[in-house]
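Shown next, in structure tokens, is the structure this report addresses.
Whatever order the structure lists them in is the order used to number ligands and atoms, beginning at 1. We number each residue from 1, following the sequence as shown. Worth saying up front: this structure is predicted, and the values here are computed from it rather than measured. Atoms considered below: every heavy atom in the structure, side chains included; atoms not considered: hydrogens, waters and symmetry mates.
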Amino acid sequence: MVNKKAVKTALVLGISGQDGSLLATSLLKEGWRVVGGTRRGIVNKYWRLDELGIFDQVELVNINLQEPHMVLDIVRELQPNHIYHLAGESFVEDSFHLPRVTMEANYFGTLNLLEAIRTSSSETRLFFASSSEVFGSTVSKEALDEKTPFRPINPYGISKLAAQQLVEIYRERYGLYALSGIMFNHEGPMRARNFVTRKISFNLARLKMEGGTPMQLGNFDAARDWGLASDYTMVMPEVLELKEAQDFVFATGKLSTVREFLSLAAEAVGFVPVFEGKGLFSVCLDRSSGLKLAEVSEKYFRNFDTPPHKGSPARLLKMTKFSGSHDVSVIATQMIEADLHRRKIGHVD
Ligand code: GDP
């Protein structure tokens, strides 16, 4: 049931995605009216809302951020207290194949939104989900923060940085309350299957329950700062309630490799993972059964992979009640549990 008595309204753009569905869940718990923006045409896109049990509690509006008039109409009519812009293209590797689509979705979508807020709902507060990809080629032993220079190295990073800087300009030039969350990788059971963590949990659940061929991965030694998505979405509303708008890094400050994540997830599913070989010939086996769990395929090896970055959550820890993300072992365990359960009930998304 939609909450008709709610006094505060949030418009969540990208509500069918990982972050949108998790954020909607926490906003509903806090008594907000949640309006979710979605685009028509994606098949079975509401599985997350169904699984989280909130499909009937959110109001869905069809909105294409590329159409300024559509964005304007909705923002003007709704006059939301908060807008969370979590929509757009999110898969870095695809941005090399779809550079223009990525730019249009991520940059022009944000521009249309900022213009709509500026011209018709200037009290609305905006959270824009930017990305650690804005740091691009920076290599540093130190954790990166809001003051680290930006050096994107792929079309996705460029689109996010352009949008992030636009948010900053509208904040400074027009006095809008608008900020960017510079989101380091964040994972969990709601992650889409093209991202490496979910690819791993999905396939390990398959191998545990049905056996079959090993999963194919890229570089086992690639590393990321992986946080738990629900820990980050939980704090998003709080950053929009602070006195002054400013950008925030969302990160854990710790790096883990694909190999480490694979190992933790394999243990969580009950395998005993062992690694053999090097580089392109690396494999991961279950020691007890001899089952091959993962092997390397050149197809998933990225020629222009972004170097590992760890981010500093210091500002977020200081300014909000955020107490840090759960550890990567908790993330792996949660993801495995969800994928085993889905496979048991025959729901494989
Ligand atoms: P990204 O950091 O936003 O690109 O998130 P991904 O989950 O797609 O990739 C995280 C890291 O895992 C990157 O360094 C990838 O190169 C690496 N990786 C290794 N094998 C794979 C794979 O099979 N799929 C994906 N998506 N990434 C992989």
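Annotation: F91 is in aromatic contact with F195 [ring centroid separation under 6.0 Å]. For F150 and F135, the distance between ring centers is under 6.0 angstrom.
With hydrogens and angles left out, the side-chain atoms of T233 and Y84 include no donor and acceptor closer than 3.5 Å. Side-chain contact annotation: T252 with D225, donor-acceptor N/O pair under 3.5 Å present. In summary, the side chains of H309 and E133 do not present any donor paired with an acceptor at a separation below 3.5 Å, with no hydrogens or angles considered. In this model, a donor atom of one side chain and an acceptor atom of the other lie less than 3.5 Å apart for D19 and H186.
For the pair R198 and D339, the salt-bridge criterion is met [side-chain N within less than 4.0 Å of a carboxylate O].
Residue D305 has at least one N or O atom closer than 3.5 Å to an N or O atom of ligand 1. Backbone and side-chain nitrogen or oxygen atoms of R224 are examined, and one is located within less than 3.5 angstrom of a nitrogen or oxygen of ligand 1. Residue-to-ligand polar distances place R302 within reach of ligand 1: an N/O pair is separated by less than 3.5 Å. Checked against a 3.5 angstrom limit, the closest N/O atoms of F195 and ligand 1 fall outside it. By the 3.5 Å distance cut-off applied to N or O atoms, S90 is not counted among the residues near ligand 1.
For R125 (side chain) and Y177 (main-chain N/O), no donor-acceptor pair under 3.5 Å exists by modelled atom type.
Contacts between E93 and ligand 1 below 4.0 angstrom, taking non-hydrogen atoms only, are absent altogether. Only backbone heavy atoms of N219 (N, CA, C or O) come within less than 4.0 Å of ligand 1; its side chain stays farther off. If you look at L217 next to ligand 1, the close heavy atoms, those under 4.0 Å, come from the backbone and the side chain alike.
Each of the following atoms of ligand 1 lies closer than 4.0 Å to a heavy atom of A222: 14 (O), 17 (C). Atoms of ligand 1 found under 4.0 Å from any heavy atom of G218, numbered from 1 in the order shown, are 19 (C), 20 (N), 21 (C), 22 (C), 23 (O). Using a 4.0 Å cut-off to heavy atoms of V92, the atoms of ligand 1 that qualify are 3 (O), 4 (O).
Here the protein heavy atom with the shortest distance to atom 23 (O) of ligand 1 is K199 NZ, 2.8 Å. Among protein heavy atoms, atom 1 (P) of ligand 1 sits closest to N185 ND2, 3.6 Å. Atom 26 (N) of ligand 1 has N194 O, 2.9 Å as its closest protein atom, hydrogens excluded (heavy atom only). The single protein non-hydrogen atom nearest to atom 18 (N) of ligand 1 is V196 CG2, 3.9 Å, given as residue, atom name and distance.
For the residue pair F322 and P313, the shortest heavy atom distance occurs at CE2-CB, 4.2 Å.
A cation-pi arrangement is not found for R259 relative to F220, the charged atom failing to lie both closer than 6.0 Å to the ring centre and inside a 45° cone about the ring normal.
Residue contact annotation: F301 has no non-hydrogen atom under 4.0 Å from ligand 1.
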